Amino acid sequence: MNDIMLSDTIAAVSTALGEGGIAIIRVSGPEAISQVAPLFRSRIPLIEVESHTVHYGHIVSPGDGENIEEVLVTVMKAPRSFTTEDVVEISAHGGVISVRRVMDLLLQQDIRLAEPGEFTKRAFLNGRIDLSQAEAVIDLIRSKSDRAFSIALKQVSGSLSQRIHALRHSLIETLAHIEVNIDYPEHDVESLTSEFIKTKSREGMDGINKLLKTANEGKILREGITTAIIGRPNVGKSSLLNALARDNKAIVTDIPGTTRDVIEEYVTINNIPLKLLDTAGIRETMDVVEKIGVERSRAAFSEADLILLVLNANEPLHEDELALMEQISGRQVLVIMNKMDLPSKLDQEVLLRYFESTNIVPMSVIEEEGLDKLEDAISTLFFGGKLESGDLTYVSNVRHIALLKKAYQSLQDAYEAADLLVPIDMIQIDVRLAWEQLGEIVGDTAADSLLDQIFSQFCLGK
Amino acid sequence: MSYDGGNYDVIVIGAGHAGCEAALAAARMGCNTLMITINLDMVAFMPCNPSIGGPAKGHVVREIDALGGEMGRNIDKTFIQLRMLNTGKGPAVHALRAQADKFLYQHAMKETMEKTPNLTLRQGMVETLIVEDGRCAGVVTKTGTSYHSKTVILTTGTYLRGKVIMGELTYESGPNNQQPSVRLAENLRELGFDLVRFKTGTPPRVHRDTIDFTKTEIQPGDDKPKFFSFETKSSQNEQLPCWLTYTSEVTHQIINDNLHRAPMFTGIIEGTGPRYCPSIEDKVVRFSDKSKHQIFLEPEGKNTSEYYVQGLSTSLPEDVQLAILRSIPGMEKVEMMRNGYAIEYDAMVPTQLWPSLETKRLPGLFTAGQINGTSGYEEAAGQGVMAGINAARKVQDKEPIVLDRSQGYIGVLIDDLVTKGTNEPYRLLTSRAEYRLLLRHDNADLRLTPIGYDIGLIPQQRYDIFSEKKERVDQEVKRLQETKVKPVEVNSILEGMQSASIVDGSNLLTLMRRPELDYSFVDAVSPSPVELDEEMKEQVGIQIKYAGYIEKQLQHVERLQKMEKKKIPDDIDYTDIHGLAIEAKQKLTKIRPISIGQASRISGVTPADVSILLVYLEHYNRVTAAKG
């Protein structure tokens with residue numbers, strides 16, 4: 001069965017990302033070699049290499065030739081590969097940033113991000129995987145898709161989705177205008193000028209540019225609000241983490257192509273994505289107060305947007321905790337007074353010198369009491385604008401970035417075509433593409449909405 | 001008392017635009033065909049606007065003609081105006097629109113049908129379908145005649161339980177006070193079909209001699225008209241103009257004052273009307289900020305004084321209609337000859353059909369046209385020709401012909417209907433087509449004539465002419481690519497055509513891509529060694545100039561067609577497929593898509609569901625293959 005459905009070229013990070021490790025980006029499909037070739041600088045051009053050989057070189061930005069990453073590239077030609085298609089594997093150093101940049105470049109080629117389980121699916125459809133495993137393949141697709149879907153939904157909630165919707169609304173109005181000009185040529189709506197289309201394309205490009213800027217600031221909605229849970233040993237940090245994770249369906253992502261630090265957990269609280277930092281290590285390395293001292297702990301949480309300081313209400317304040325409070329004053333901190341089910345021995349007056357009372361949350365993690373208050377406090381900080389006073393419209397997901405860049409390119413094509421006085425029904429193709437590409441980000445590509453727009457915007461009929 | 005009316009291969013019920021195409025296609029493909037209609041004076045009648053074509057609709061007429069259908073030839077014989085619309089836009093959306101002499105149109109079509117071998121015309125009211133062994137095997141008429149057949153095509157238009165509505169008045173009727181078909185609608189329900197209630201409407205007709213045309217703007221036809229049929233090369237038809245005027249503020253006042261008498265708003269109308277063809281009362285209410293609406297006055301024929309008032313579709317009471325008419329500049333003293341009305345009718349839920357237009361529930365029964373929830377003569381005719389072809393092929397024990405979305409607007413139309421259904425009367429728009437650039441007016445023959453020839457609708461002689469045209473166009477594109485020119489050979493000509501000079505050598509194809517150059521440039525530099533007519537030159541120009549855009553769409557089409565080629569066996573039990581989401585299982589079970597491509601277009605079926613379906617199919621195929 002060589003007649004493969006969706007025989008386009010796909011890519012994904014096929015290993016979990018970790019600092020210092022090796023990350024493998026896998027590209028599969030008929031254009032795998034030809035599409036990676038322009039990005040790969042090496043002694044032998046990629047299109048000339050033998051199958052099943054490994055090549056040293058650099059991934060470079062095709063625009064300015066900038067070196068992005070030192071890599072080893074393996075080429076496996078069809079049908080002798082996992083998917084039986086041409087496959088290119090790029091082994092990178094695995095730093096989150098550089099892998100992201102490589103993916104970013106790939107997705108700007110004629111390559112799309114693989115759907116969940118897609119490599120396995122192709123392998124199966126191409127006869128590479130045994131029949132007995134069909135059900136396992138289906139389970140893989142189902143579970144990964146469902147999880148990806150729920151993540152995607154959470155990801156695009158909030159202001160990113162609002163901004164995308166605003167951009168799309170403007171584009172669909174333009175599209176409706178173009179369509180009415182075409183489908184109702186005798187109707188008395190104003191004719192579209194190329195100036196109008198240029199203005200509209202430019203507006204869209206500017207809007208997309210603003211979103212892309214936030215993507216490069218490194219703060220990432222995809223990764224959520226970086227949140228550090230700190231405190232002395234045995235105050236209940238792990239329990240708190242587990243409680244938050246349980247209560248909010250922790251999302252441990254292994255979605256290919258999304259950036260991900262080694263050890264972290266994602267939760268969403270009232271639609272606010274949190275990245276709980278270094279969670280696997282928290283149990284050891286975050287016990288820094290005792291083990292490595294306050295200096296080291298500062299480094300660990302210096303990048304956090306939000307600090308959850310866990311104290312044991314059943315004990316007087318420890319001098320390490322006082323030092324810690326000194327260190328984090330001025331940061332966004334929520335103090336968790338844990339073990340409130342036990343008699344209180346903690347001097348709250350001291351706390352109030354450092355923190356506002358609204359940011360002090362009494363809890364009993366073991367009894368699962370007060371978790372809702374913590375969640376409310378996080379919401380209040382977030383929606384009150386205190387947490388991350390900057391632009392919260394973060395875009396990080398490589399897929400989003402790739403789609404935004406493609407939409408930008410489409411609008412640029414439309415702009416240039418309008419400039420050359422290309423007929424509007426052809427310019428429409430690019431404008432519509434931009435609208436669909438933005439729609440993919442927010443999961444809405446229904447073509448019917450264009451018709452709805454046409455008929456609500458214009459009075460048509462005979 | 002019943003008696004036997006005889007045996008046929010194909011019976012077509014209804015003689016509107018769908019019925020005529022269906023009957024002609026089946027008969028021309030060699031099937032012994034019977035067409036039964038309530039009134040033989042109403043063959044190919046235009047109950048609404050006296051015009052054919054326009055964007056998307058005109059494309060469909062070209063496609064019907066390219067397949068060997070009749071609508072294009074018939075309107076070319078009987079037009080009283082031809083206009084190419086959208087000429088300022090790209091070639092894909094150039095759209096031919098004709099005003100028809102509606103009486104001549106009917107007569108010409110009836111004459112063609114009467115002269116067609118294998119085709120019998122019969123007046124009669126079909127009341128029930130004959131069902132034998134779970135398949136449709138004929139029809140019984142009101143007079144008790146049973147006609148047996150291998151296939152039946154229903155093209156009942158707006159006649160099924162038709163009800164005319166005007167102000168407070170309602171009565172059972174087909175269009176233009178024809179008898180409605182009530183018993184047949186009941187019979188379809190008895191047979192288990194899902195029917196919905198749709199509504200449409202038509203404006204009043206007025207007497208030409210009571211219009212003051214000096215207060216209107218003239219809308220003439222083209223001086224050198226192009227034609228719908230690829231066969232028509234010239235015409236002696238005299239053209240008549242249309243006239244443009246506008247509603248006034250008084251018009252809107254009258255409408256607002258009488259909304260309590262408008263069935264649209266009083267609840268008398270239950271059927272769902274089309275958004276793209278609203279009544280004037282609907283327009284005034286929904287777009288209250290618009291101070292005027294366009295009104296086109298269109299002649300209904302050469303030998304009649306009746307004018308169609310386009311833009312004034314209404315179901316307001318007769319007295320209000322007259323007041324509205326007389327509030328419009330140029331119509332102050334107008335005499336109304338026929339009033340406008342709304343009509344409600346039963347339509348099939350079209351997701352009950354296979355893409356061949358055969359019903360899933362009752363093999364042998366096909367439906368086409370307005371009964372499938374569409375609106376418009378062209379949409380009806382496009383389905384009619386396909387239903388005729390596929391009924392004939394069923395009789396001949398051949399696979400159905402299904403056009404995909406990249407092959408024609410007819411493919412888009414039918415795929416939309418059977419895959420997504422429709423909750424209002426469906427009208428084709430060019431924006432419904434993903435591959436608009438490929439579905440051009442000019443290339444309908446390149447897209448579809450080979451199919452028409454293969455199935456026996458395009459005669460050898462016409463096919464030879466087509467092949468010759470295709471060959472010459474291909475050769476010429478090739479020649480232009482191979483013809484190298486030096487700056488000295490072309491620069492003065494380029495200059496004369498306000499085009500930039502070249503520094504290095506080039507080829508003619510590259511130069512032809514320049515927007516400012518047309519084929520006259522080639523004629524000046526290096527004329528074709530073989531004679532090319534205007535149509536061929538146009539084709540060469542389009543293929544070269546828009547190659548970039550066309551290529552992009554062709555790549556998409558390639559992917560689409562891979563999905564379309566992945567057929568889904570009819571006996572698949574979706575409830576049995578592990579992993580499919582519940583919504584997907586329900587939708588797939590209902591629609592029973594014939595291909596993965598169709599499955600992927602069903603709303604509620606996600607990409608993950610499609611992936612799972614693919615894996616399941618692969619499993620299914622391997623197991624089936626293993627069983628041998």
Side-chain angles (χ1 to χ4, degrees), chain A residues 1 3-8 110 115-118 121 124-127 131 134-135 137-139 141-142 144-146 148-149 175-176 178-188 191 417 420-429 432 446-448 450-452 454-456 458-462, chain B residues 48-49 54-56 85-86 88-93 95 203 219 274-279 282-283 286-287 290 293-294 296 310-311 313 420 429-432 434 436-437 515 546 549 552-553 559 562-563 565-566 577-579 581 596 603 606-608 611-612 614-616 618-619 621-623:
Chain A
M1 195 164 104
D3 176 21
I4 314 146
M5 168 220 168
L6 292 178
S7 57
D8 44 359
D110 195 11
E115 299 291 329
E118 193 166 6
K121 181 184 87 183
F124 178 80
L125 292 181
N126 296 336
L131 196 55
E135 196 151 300
V137 174
I138 285 176
D139 283 339
I141 294 168
R142 183 85 268 162
K144 287 206 173 196
S145 301
D146 289 349
F149 182 68
L175 280 174
I178 294 175
E179 299 298 354
V180 165
N181 264 260
I182 294 169
D183 274 321
Y184 293 86
E186 292 174 305
H187 204 268
D188 55 347
S191 287
L420 290 169
L421 303 177
V422 167
I424 56 165
D425 54 300
M426 304 203 181
I427 301 174
Q428 180 270 356
I429 294 173
R432 182 166 180 147
D448 292 347
L450 175 57
L451 294 178
D452 293 339
I454 293 173
F455 293 120
S456 62
F458 298 97
C459 177
L460 302 163
K462 56 188 177 184
Chain B
C48 198
N49 54 325
L85 306 173
N86 277 337
K89 306 186 184 90
V93 297
Q219 305 269 308
R275 285 174 299 177
Y276 46 80
C277 187
S279 60
D282 200 17
K283 287 194 267 191
R286 284 208 301 139
F287 294 87
K290 264 195 113 176
H293 295 276
Q294 284 174 322
F296 288 95
Q310 198 223 92
S313 174
K420 296 177 186 157
L429 298 160
T430 68
S431 52
R432 294 193 194 264
E434 300 85 344
R436 182 154 67 188
L437 210 47
Y546 305 106
Y549 283 96
K552 255 197 233 174
Q553 294 216 320
R559 288 175 196 174
K562 282 196 173 132
M563 308 256 289
K565 274 185 198 148
K566 283 233 173 301
I577 301 181
H578 162 76
I596 288 288
S603 68
T606 65
S611 287
I612 287 167
L614 268 173
V615 171
Y616 178 85
E618 171 65 13
H619 182 264
N621 290 339
R622 282 198 224 169
V623 168

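Keep in mind it's a predicted model, so treat the numbers as computed, not measured.
- Rounding to the nearest 0.5 Å gives a distance of 8.0 Å between CD of B:Glu618 and CG of A:Asn126.
- For A:Gln428, the part sitting under 4.5 Å from any heavy atom of chain B is the side chain, from C-beta outward, and nothing else.
- With a 4.5 angstrom heavy-atom cutoff, A:Ile424 touches chain B only via side-chain atoms.
- Ranked by heavy-atom pairs shorter than 4.5 Å toward chain A, the options B:Gly54, B:Ala95, B:Pro55 are led by B:Pro55.
- Across B:Val93, B:Leu85, B:Leu429, a single residue satisfies side chain to side chain contact (heavy atoms under 4.5 Å, CB included) together with A:Ile182, and that is B:Val93.
- The backbone N or O of A:Asn181 lies less than 3.5 Å from a partner atom in the side chain of B:Lys89, making a donor-acceptor pair.
- Between A:Asp183 and B:Ser431, some side-chain heavy-atom pair lies under the 4.5 Å cut-off.
- Not counting sequence neighbours, the partners of B:Glu434 by the side chain to side chain donor-acceptor pair (under 3.5 Å) test are B:Arg405.
- Note: B:Thr430 OG1 to A:Asp425 CG = 8.0 Å, rounded to the nearest 0.5 Å.
- In this structure, CZ in B:Arg432 is found 11.5 Å from CD in A:Glu179, a value given to the nearest 0.5 Å.
- Just one of B:Gln553, B:Arg436, B:Lys552 meets the side chain to side chain contact (heavy atoms under 4.5 Å, CB included) condition when paired with A:Ile429; it is B:Gln553.
- Nearest approach of A:Val422 to B:Tyr549, heavy atoms of both residues: CG1-OH, 3.9 Å.
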